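Here the structure is a predicted model, which means the values were calculated and not measured.
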Amino acid sequence: MANERPKADVVIVGLGWAGSVMAEELTRAGLNVVAIERGAWRDTSTDFPPAVDPDELRWHTRRELLQPMSVETTTFRNKTGQQAAPVRNWNAFQFGWNVGGAGTHWAGMSWRFLPWDFQVATQTAERYGQERLDSLMAEGLQLQDWGVTYDEMAPYYDRFERIAGTSGKAGNLNGQKIKGGNVFEGPRDREYPTPQLKDTNWMSMYRDTTEGMGYNPFTIPAGNISQAYVNPLGVTMGPCTYCGFCDFHGCGNFSKSSPQACILPALMRRSNFTVLTETEVLHAVKHEDGKTVKGVKFVTRDGEEGFQPADVVCITAYQMDNVRLMLLSGIGEQYDPATQQGTIGRNYSYQTCSSVTGFFSGAKMNPFIGGGALGVQIDDFNGDNFDHSELDFIGGAGIMGYSTNGRPIANMNGIRPGNKRWGSEWKEAYARDYQEVANIFCQGTSMPTRDAYLSLDPTYTDRHGQPLLRLTFDWNRNDTSMIDYTTKKAVEIMREAGGEDIMVDNQAEASWNPYKQHSSHTIGGLVMGSNPATSALNPYLQSWDCHNVFSVGASAFPNNGGYNPTLTVGALAVRAARAIHETYINNPGPLVEA
Amino acid sequence: MNRREALFSLGSMAAAGGLASRAGAAELKGFPKQTAMSADHLPTPARSGGGFQVLKSETDQKTVKAVFDRLIPADDFGPSASEAGCLEFLDDQLSGDYGAGKALYLEAPLSPENEEEIMGAPQFLSTPRERYETGLKALEAYAQDTDGAAFHALSPDRIDEILTGLEAGEIDLGEGVNGQAFFELMLQNAREGYLADPLYGGNRDMAGWKMIGFPGARYDYRPYVDRRNEDLGLTPVSLIPND
């Protein structure tokens, strides 16, 4: 092929968190790695220093760090039979558009999933009986374990926390529960790299209120570093300044965990690492026998096509693109909801959320003091931390009182109900309520169903003429029951805290659409598991169909926990990379027998 | 390598390069390329002076001013939208990537009813700039039709009535213009101009920020995070100089 590059040991498709973590592991093991990223090179001092970073219009309203829809978008419909439409404008999805990926503009909430999240099927049957699981499955849920347990994941979580520089307080050290941390978390070997962040005014109110109600509040583990820290790669971070320009922005203080702040300074100095920027991988190319791939076809910014041969291909783009690249490469079989055959596109799920807003007369919340991951949460109603025997759903939600930002455009509708959004009435309301408003967010689990899936769109294409990915999704009965229940708990907390004129935005009360949603956490479609009939990847994130293809992202989650996905993505990346350099490279073939 | 060798090797590099000036000074003009801000991430301040770029028609300017100043009127809480520079802000935004819809997916086909039903909101193939061009003309035509007068000549109460009707989706602005969506677009842009950094031409004297008590582009609240329920009395800071 024209423009064929020298062969690499490993090619990484997409240099965000997953790609950077894998490239770091693999190059340190001596492998020759080439990463291909369709976004441009971006770095702290040249792209988001303090001189330009605190600019809401540019980064949050116009979303200039995010991948525009004109580059690639998704089509969407609620159910089969509908004509899917392309998502034309900014919406809930927040894909990365630079070296560092979404890891540059994310908020930094750095959760380990609960042990239950990895084994929803098994543990539901164990605790509530096989009949309960069967009835959920008969209703249309497609529950399955991950093929990896929390205990197996713990060392990889630990490694990623050290690299990312997570701040927090342990709630379960080697089985010992510690008040003030999250007592519901799975056991961890040691404390967080740095202590928890400080409380804002609202966080301290939320903490006192929930503690008084008998719950177990704790500070959210944050990729916003709380004090000076040097990570295991020798990279120094600077303490978070609570600047309030965090999610959707880069970080000019080297405080937010990101590939730029935490990995690239070490990775870019290695002679066995190369990154091709502003270059988009079109698809992988299979060998004649179809059992492995020989590399990836790409197109440069100038429209020139090329080929990167490699022994191993790691697909580490955002969740949606991981699925799309597998379909465009013809690896595996497209999932069909009518027959439940095929695994690519199966088990798509989302994040079931609601917000509760309250107003506190005369308060000075000073909401501009914020951080992307700054908040206090209770997990008393998350996962299976509470008894579901008498409830008509499984799963739950983390319920957080947060102080992420006071950006004036983003919050301009945060006024007491009944007030107009314009005129002197709006001005008077916003002048008062900007300081008096506070929010609680329920971030809930999502369970996959037979009907929700991803496939290629028959009509719409991207700028290169390749089909867009089509999403078919709507809320399921289990998840709407769950969020109804947890939202009521959040309203009780808001009332107890003294909030008045309470407003509830339950995002699952009407059909799902990408403009109504607030969460960018889009999950599944290329899931891991121990059964090749129901998963695309084995428990080492290796394709069951092409053994030299690995893929890491939230696309690998068979169901979603009531948490942000990034820490689990990072931990899976460490796990997959170690499987490659410790085992696969010396003995290429399936790491698990089908 | 010891110090003596190091000095030798540095010397030989300079000699080999033949670039060292006689005085041995490192002379720089402009920022070194390797450490300069990425060109596309440099701030792009609003154009000042030179007139409007997009809203060239005088009628359009008067119509949008009439709308914006009812969306954000002058009162005890601060200046009006136009006094705060929101028209300059809008014109500047419409003249750039935002106005051109550079980020949007504008590929056909568009089936408006199906897309609105599925997305819960209407979608368009036209850019924000095009939507203002058609929308403002439709507003003017509506005023001429219903009131026999120019839109900007209507009384504040009458303008409020029309805006309320648009907001509720009860006023039809004719073929090709979704009145409700156009209202939302104008409301969004007027308030953006009032609340964005003054860098972009609006929020003059940081009036929008002073209205709510937002301290602007400060980048460090560590000294204040422990303080509870206090007016911190922070003077706002913009990305551009105050004087």
Side-chain angles (χ1 to χ4, degrees), chain A residues 42 45-57 61-63 68-70 73 76-78 82-90 198 200-201 204 241-244 252-253 363-364 366 368-369 406 408-409 412 421-424 427-428 430-431 434-435 459-461 510 513-516, chain B residues 35-38 40-43 70-73 75 77-78 97-98 101-107 109 111 114-115 118-121 123-125 160 163 187 190-192 195-197 199-200 208-209 211-222 224-232 239:
Chain A
R42 296 293 180 213
S45 61
T46 49
D47 295 276
F48 34 83
V52 301
D53 194 48
D55 181 347
E56 178 186 18
L57 183 78
T61 317
R62 301 280 182 259
R63 303 191 172 194
M69 289 66 62
S70 51
T73 190
F76 160 71
R77 59 182 180 174
N78 283 123
Q82 284 179 320
Q83 165 77 32
V87 190
R88 299 183 181 278
N89 210 332
W90 294 119
K198 290 184 166 190
T200 61
N201 190 21
S204 62
T241 62
Y242 303 85
C243 81
N253 289 331
K364 294 283 178 208
N366 295 321
F368 42 83
I369 303 176
I409 300 170
M412 65 193 179
R421 296 175 300 149
W422 52 280
S424 284
K427 291 176 77 178
E428 182 176 4
Y430 198 25
Y434 178 75
Q435 280 286 12
T459 307
Y460 295 97
T461 58
N513 79 61
Y515 291 120
K516 183 181 158 55
Chain B
T35 54
M37 283 281 300
S38 302
D40 55 353
H41 275 201
L42 274 172
R70 291 314 299 158
L71 295 177
I72 307 179
D75 55 23
F77 299 97
D97 289 347
Y98 171 73
K102 196 180 168 194
L104 308 177
Y105 185 80
L106 301 176
E107 300 303 316
S111 43
N114 181 56
E115 295 199 9
I118 285 183
M119 299 295 172
Q123 298 201 114
F124 305 95
L125 292 187
D160 284 0
L163 293 176
L187 179 60
R191 296 191 297 173
E192 282 172 0
L195 297 166
D197 194 282
L199 175 70
Y200 298 105
W209 291 352
M211 176 178 92
I212 57 172
F214 176 64
R218 286 172 180 267
Y219 214 52
D220 188 358
Y221 291 114
R222 282 172 295 180
Y224 308 102
V225 65
D226 290 327
R227 287 164 67 173
R228 297 284 171 263
N229 230 15
E230 267 182 70
D231 181 349
L232 299 175
L239 289 171

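- Note: B:Arg222 CZ to A:Tyr242 OH = 9.0 Å, rounded to the nearest 0.5 Å.
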Assess the residue pair A:Ser70 and B:Lys102 against the criterion (side chain to side chain contact (heavy atoms under 4.5 Å, CB included)); give the C-alpha distance rounded to whole Å, side-chain angles, the decisive distance to 0.1 Å, and a yes or no.
CA-CA 7 Å; A:Ser70 51; B:Lys102 196 180 168 194; 5.5 Å; no

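- To the nearest 0.5 Å, atoms CH2 (A:Trp422) and CG (B:Leu71) are separated by 6.5 Å.
- Considering all non-hydrogen atoms of both residues, A:Arg421 and B:Arg191 come closest at O-NH1, 3.1 Å.
- A:Asp53 and B:Tyr219 are linked by a side-chain donor-acceptor pair at a separation below 3.5 angstrom, with hydrogens and angles left out of the test.
- For the set B:Asp97, B:Thr35, B:Ile72, the entry with the most heavy-atom pairs within less than 4.5 Å of chain A is B:Ile72.
- With a 4.5 Å cut-off on non-hydrogen atoms, B:Asn114 touches chain A through its side chain but not through its backbone.
- With a 4.5 Å cut-off on non-hydrogen atoms, A:Ala51 touches chain B through its backbone but not through its side chain.
- For A:Pro50, the parts sitting under 4.5 Å from any heavy atom of chain B are the backbone and the side chain alike.
- Side-chain contact between A:Ser204 and B:Arg228 is present, with at least one heavy-atom pair separated by less than 4.5 Å.
- Contacts between B:Leu104 and chain A at a heavy-atom distance below 4.5 Å involve backbone atoms as well as side-chain atoms.
- For the atom pair OH (B:Tyr224) and CG (A:Asn366), the distance works out to 10.5 Å, reported to the nearest 0.5 Å.
- The nearest pair of heavy atoms linking B:Met119 to A:Ala85 is CE-O, 3.3 Å.
- For B:Ala196, the parts lying under 4.5 angstrom from a heavy atom of chain A are both the backbone and the side chain.
- Considering only heavy atoms from C-beta on, B:Tyr105 stays 4.5 Å or farther from A:Pro68 through its side chain.
- Ring orientation note: the planes of B:Tyr221 and A:Phe368 are tilted relative to one another, at an angle of 30° to 60°.
- Ranked by non-hydrogen atom pairs under 4.5 Å with chain B, the options A:Thr46, A:Asn78, A:Thr461 are led by A:Thr46.
- Chain B forms more heavy-atom pairs under 4.5 Å with one residue of A:Asn253, A:Asn513, A:Asn201 than with any other, namely A:Asn201.
- Most heavy-atom pairs under 4.5 Å with chain B, from the set A:Arg63, A:Gln83, A:Arg77, A:Arg42: that is A:Arg42.
- Counting heavy-atom pairs closer than 4.5 Å to chain B, the top residue among A:Thr241, A:Ile369, A:Thr73, A:Thr459 is A:Thr241.
- How far CZ of A:Arg88 is from CG of B:Leu125: 5.0 Å, rounded to the nearest 0.5 Å.
- No side-chain heavy atom of B:Asp220 sits less than 4.5 Å from a side-chain heavy atom of A:Cys243.
- Side-chain atoms of A:Tyr460 come within 3.5 Å of backbone N or O of B:Pro109 as a donor-acceptor pair.
- Remark: A:Arg62 qualifies as a cation-pi partner of B:Tyr98 under the 6.0 Å distance and 45° angle criteria applied to the six-membered ring.
- For chain A, the option among B:Arg227, B:Met37, B:Arg218, B:Glu107 with the highest count of heavy-atom pairs below 4.5 Å is B:Met37.
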Go through the steps for A:Phe76 and B:Ile118 under the test side chain to side chain contact (heavy atoms under 4.5 Å, CB included), then give the verdict.
CA-CA 8 Å; A:Phe76 160 71; B:Ile118 285 183; 3.5 Å; yes

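- Using a 4.5 Å heavy-atom threshold, the side chains of B:Gln123 and A:Tyr515 count as touching.
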Test A:Lys198 against B:Asp226 for side chain to side chain contact (heavy atoms under 4.5 Å, CB included), laying out the working first.
CA-CA 8 Å; A:Lys198 290 184 166 190; B:Asp226 290 327; 2.9 Å; yes

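- Scanning all heavy atoms of the two residues, the minimum distance from A:Asp47 to B:Ser38 falls at OD1-OG, 2.8 Å.
- The part of B:Tyr200 that comes within reach of chain A is its side chain, from C-beta onward, which places non-hydrogen atoms under 4.5 angstrom from that chain.
- For B:Leu199, the part lying under 4.5 angstrom from a heavy atom of chain A is the side chain only.
- Here the CZ atom belonging to B:Arg70 is positioned 7.0 Å from the OG atom belonging to A:Ser424, to the nearest 0.5 angstrom.
- A:Met412 contributes atom CE, which lies 7.0 Å from atom CG of B:Leu195 (distance to the nearest 0.5 angstrom).
- Minimum interatomic distance between B:Gly78 and A:Lys427 (heavy atoms only, all atoms of both residues): O-NZ, 2.9 Å.
- Between B:Glu115 and A:Pro86, some side-chain heavy-atom pair lies under the 4.5 Å cut-off.
- In this structure the side chain of A:Glu56 never reaches within 4.5 angstrom of the side chain of B:Asp197, judged on heavy atoms.
- For B:Asp160, the parts sitting under 4.5 Å from any heavy atom of chain A are the backbone and the side chain alike.
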